[in-house]
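The chain is numbered in sequence order, starting from 1. All values below come from the heavy atoms of this structure, side chains included, with hydrogens, waters and symmetry mates left out.
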Amino acid sequence: MGKNNRKKNKSGSSNKNQQPANDAAHAPTQSSSKQVQQQQQTTFKRPTLTLQKRNELSSLISALLEIGFRQPANPKEEWDQYLEIQALLHRAQILEAPLRRPTSNPSVEARVANIENFYRWAAKNGLRYEGVRITQFQGYELGLEATRDIADDELLFSIPRKLILSEENLDLENSPAQFGSMSNLKLSYVLMLEALKPDSFWKPYIDLLPEKYNTVLYFNVKEMEMLRGSNALPAALRQCKAIARQYAFLYNCTVQAPRADKFNPMGQAFKEQFSYELYRWAVSTVMTRENMIPRSRPLNAATANGGDTSQDQPDNIAALIPFWDMANHRQGRVTSFFNVGTQEMESAAQSDFKAGEQIFIHYGDRANADLMIHNGFINPTNPKDYICIKLGLGNSDPLFEQRAKLLLLMQITKNTDLKVLPPPTYISPELLAFVRVFNMNAQQLEHWITSERAMDLLHIDCALETTLESKTWQYLQTRLMLLLRVFPTTLEADEEQLAAYKKGELYFCYVEAMVLEYRVLEKRILAAALEYARQRVKA
């Protein structure tokens with residue numbers, strides 16, 4: 001699925017929402033004016049929590065922070081921490097239920113109904129597009145459709161900076177200084193502030209966003225457990241832990257911080273309405289839809305980091321780009337660029353599209369594990385997919401220093417993640433070189449350290465002693481076999497289930513089907529590499 005399940009500031013559109021205030025200003029009598037004021041107070045009355053619930057939340061926040069900074073000793077402890085975090089977040093969501101913001105996009109149908117209002121807002125503020133429209137697609141929710149034949153490289157649309165939401169829309173004086181240079185966190189915070197404003201400039205855009213996503217932040221325990229044994233599980237658990245820690249951090253530096261009393265009215269609303277559900281939605285929106293654009297103005301270093309001038313601020317910042325982010329992903333080439341001269345995001349067609357076809361853009365070369373964790377979809381035909389093997393040198397190895405030195409000559413770190421690739425490559429050059437070095441004796445290490453051709457170790461046809469090459473491929477064969485055995489199910493069993501699901505003989509929800517197919521794709525890569533290693537051993 002695409003970004004809709006996966007991957008900037010004036011007040012021109014707020015007049016309509018402020019109409020009751022204008023009516024009150026010209027009211028003929030004092031009594032009617034008071035009635036309007038009472039109506040406004042009723043309309044904008046914010047939900048609150050009791051002191052007892054706030055105290056319980058504070059205890060949950062402390063527990064989340066404690067777990068969030070605790071390093072697990074092994075995979076079992078990492079899983080146990082995930083379960084503990086999920087239990088704490090579940091309790092927090094129950095306590096925070098009254099704080100949930102009202103939305104006008106609770107379903108795909110509601111989002112579709114908001115499209116015309118989005119068009120009016122975007123066109124009024126400079127969006128230029130032709131031959132493209134937002135519509136609903138089966139299996140994708142919303143996407144972009146060609147309304148006429150479009151040629152490869154033809155300009156699809158231009159989006160001015162005025163419509164782009166970024167950290168530059170953040171009021172630094174009324175925002176937590178602890179954000180530092182974390183652009184993604186700043187953007188999530190800006191989005192939450194705007195989502196809570198009834199008269200936000202970006203309301204037509206926010207009303208078009210999904211209410212929830214299929215990223216791992218929305219997985220339940222059963223769905224996460226389906227990733228047992230996979231390359232993606234550790235990264236998924238780390239992601240969930242990091243977001244829970246950030247939620248607790250934000251709670252402490254906004255809701256509980258004394259300086260929150262100095263916030264402007266919008267900051268006070270945030271202090272009262274911030275919740276895990278709001279943060280999970282905002283950070284998922286940013287993860288699935290962000291793009292990097294250049295800053296529009298230089299930073300004042302003294303204020304950019306809350307007075308800390310020691311950190312360098314990046315030239316590019318994370319941004320949400322209305323209309324552009326309705327396009328779903330298909331492998332190809334990047335055709336979206338920010339035009340510094342016109343201060344617009346421009347996107348061209350990455351291929352020919354016929355009228356009625358969905359227009360796709362390329363999000364970049366990313367593995368399916370990354371797409372699933374951060375975007376909530378996978379690409380079954382992903383030519384850039386890979387599986388990571390974590391390898392490292394043991395400090396107790398008497399040849400540790402020599403191995404580390406040789407790896408460094410090839411710019412490979414002594415503890416790293418190395419890639420198993422789809423056919424026809426199978427084993428990445430870095431993985432092959434690491435395993436070769438790992439299996440060398442002292443004499444072989446000395447030879448390659450002093451050689452001018454150390455980089456040859458990265459090549460599949462590097463001339464090596466037969467014994468060393470045999471040990472290298474035997475090691476890879478054993479490691480790949482172990483990676484497949486760690487799964488609770490076999491490749492054949494998963495393929496059988498997936499085939500039954502696609503025939504309609506088995507029911508899975510979207511996330512369960514995605515995880516099952518991801519598991520099949522990962523096992524196929526490992527199985528193909530294992531067979532390749534076996535053939536090399538025989539040779």
Side-chain angles (χ1 to χ4, degrees), residues 1-7 108-109 111-123 125-160 163-164 204-205 208-210 213-214 285 288-293 319-339 342 344-368 370-372 374-385 502 510 514 517:
M1 214 158 209
K3 266 191 252 214
N4 299 310
N5 287 293
R6 43 157 204 134
K7 231 123 141 290
V108 181
E109 292 72 25
R111 293 173 64 202
V112 170
N114 293 331
I115 290 175
E116 289 303 322
N117 188 45
F118 170 82
Y119 282 149
R120 288 191 291 271
W121 168 77
N125 288 285
L127 169 67
R128 291 183 289 115
Y129 65 100
E130 202 270 319
V132 183
R133 69 169 182 171
I134 303 169
T135 193
Q136 187 175 0
F137 287 93
Q138 184 176 4
Y140 288 90
E141 292 196 2
L142 300 187
L144 296 183
E145 179 188 24
T147 58
R148 59 170 176 76
D149 290 353
I150 293 175
D152 183 17
D153 267 339
E154 183 177 344
L155 184 65
L156 297 171
F157 46 78
S158 299
I159 302 160
L163 287 173
I164 297 175
Y205 167 62
L208 208 56
L209 295 173
Y213 295 85
N214 291 318
T285 299
T288 58
R289 313 176 89 81
E290 70 174 331
N291 194 20
M292 303 305 290
I293 65 169
L320 296 174
I321 306 174
F323 198 79
W324 174 89
D325 65 5
M326 290 294 144
N328 293 307
H329 169 76
R330 187 173 70 187
Q331 196 68 30
R333 68 187 196 280
V334 175
T335 56
S336 297
F337 303 95
F338 191 85
N339 187 325
T342 63
E344 293 179 329
M345 170 60 76
E346 297 177 349
S347 189
Q350 66 166 324
S351 64
D352 293 337
F353 293 100
K354 297 293 184 183
E357 289 184 340
Q358 183 173 182
I359 295 172
F360 295 94
I361 63 175
H362 177 56
Y363 294 176
D365 294 336
R366 298 161 64 188
N368 276 326
D370 186 24
L371 290 173
M372 178 176 61
H374 298 102
N375 294 78
F377 73 94
I378 59 173
N379 176 9
T381 59
N382 187 354
K384 301 298 181 179
D385 203 7
K502 291 186 175 180
Y510 172 81
M514 174 178 66
E517 187 163 19

| task | Please lay out, stage by stage, how Asn214 and Met372 fare under the test side chain to side chain contact (heavy atoms under 4.5 Å, CB included). | result | CA-CA 8 Å; Asn214 291 318; Met372 178 176 61; over 6 Å; no
| request: Go through the steps for Glu290 and His374 under the test side chain to side chain contact (heavy atoms under 4.5 Å, CB included), then give the verdict. | output: CA-CA 11 Å; Glu290 70 174 331; His374 298 102; over 6 Å; no
| Just by distance, do the side chain of Asn368 and the backbone of Ile378 share a donor-acceptor pair under 3.5 Å? | no
| task | Mark yes or no for whether Asn382, through its side chain, and Arg366, through its backbone, hold a donor-acceptor pair below 3.5 Å. | result |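 Indeed, once roles are kept as given, a pair shorter than 3.5 Å links the two residues.
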| field | Phe360: partners by ring-ring contact (aromatic ring centres under 6.0 Å, His included), with sequence neighbours left out | value | Tyr140
| message | Enumerate the salt bridge (Lys or Arg N to Asp or Glu O under 4.0 Å) contacts for residues 346-364, please, sequence neighbours excluded, ordered by first and then second residue. | response |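 Not a single pair qualifies under salt bridge (Lys or Arg N to Asp or Glu O under 4.0 Å).
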| field | All pairs passing salt bridge (Lys or Arg N to Asp or Glu O under 4.0 Å) where residues 127-136 contributes a residue, at least two apart | value | Arg128-Glu344, Glu130-Arg148, Arg133-Glu145
To the closest 0.5 Å, what do you measure between [atom1] ([X]) and [atom2] ([Y])?
X      : Y      : atom1 : atom2 : answer
Phe377 : Tyr213 : CZ    : OH    : 13.5 Å
Glu154 : Gln350 : CD    : CD    : 14.5 Å
Asn291 : Asp325 : CG    : CG    : 9.5 Å
Leu156 : Leu144 : CG    : CG    : 8.0 Å

Quick check: closest heavy atoms across [X] and [Y], and the distance to 0.1 Å?
X      : Y      : answer
His329 : Gly364 : CE1-O, 4.1 Å
Ala327 : Tyr363 : O-OH, 2.9 Å
Ile361 : Ser347 : CG2-OG, 4.1 Å
Gly143 : Gln358 : CA-OE1, 4.0 Å
Leu163 : Ile159 : CB-CG2, 4.1 Å
Ile293 : Ile321 : CG2-CD1, 4.2 Å

Counterpart residues, side chain to side chain donor-acceptor pair (under 3.5 Å), relative to [X] (two or more places apart):
X      : value
Thr335 : none
Tyr129 : none
Asn117 : none
Asn379 : Thr381

| field | With sequence neighbours excluded, residues passing side chain to side chain contact (heavy atoms under 4.5 Å, CB included) with Ser351 | value | Arg330, Phe353
| message | Restricting to side chain to side chain contact (heavy atoms under 4.5 Å, CB included), what partner residues turn up for Val334, sequence neighbours left out? | response |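 Result, side chain to side chain contact (heavy atoms under 4.5 Å, CB included) vs Val334: Phe337, His362.
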| task | Classify the angle between the aromatic ring planes of Tyr205 and Trp121 as parallel (below 30°), tilted (30 to 60°) or perpendicular (above 60°). | result |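 Parallel.
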| Close side-chain approach of Leu209 to Leu320, heavy-atom, < 4.5 Å | no
| field | Evaluation steps, side chain to side chain contact (heavy atoms under 4.5 Å, CB included), between Met326 and Arg289 | value | CA-CA 9 Å; Met326 290 294 144; Arg289 313 176 89 81; 3.2 Å; yes
| query | With sequence neighbours excluded, what pairs up with Asp149 under the salt bridge (Lys or Arg N to Asp or Glu O under 4.0 Å) test? | reply | none
| Lys384: salt bridge (Lys or Arg N to Asp or Glu O under 4.0 Å) partners, not counting sequence neighbours | none
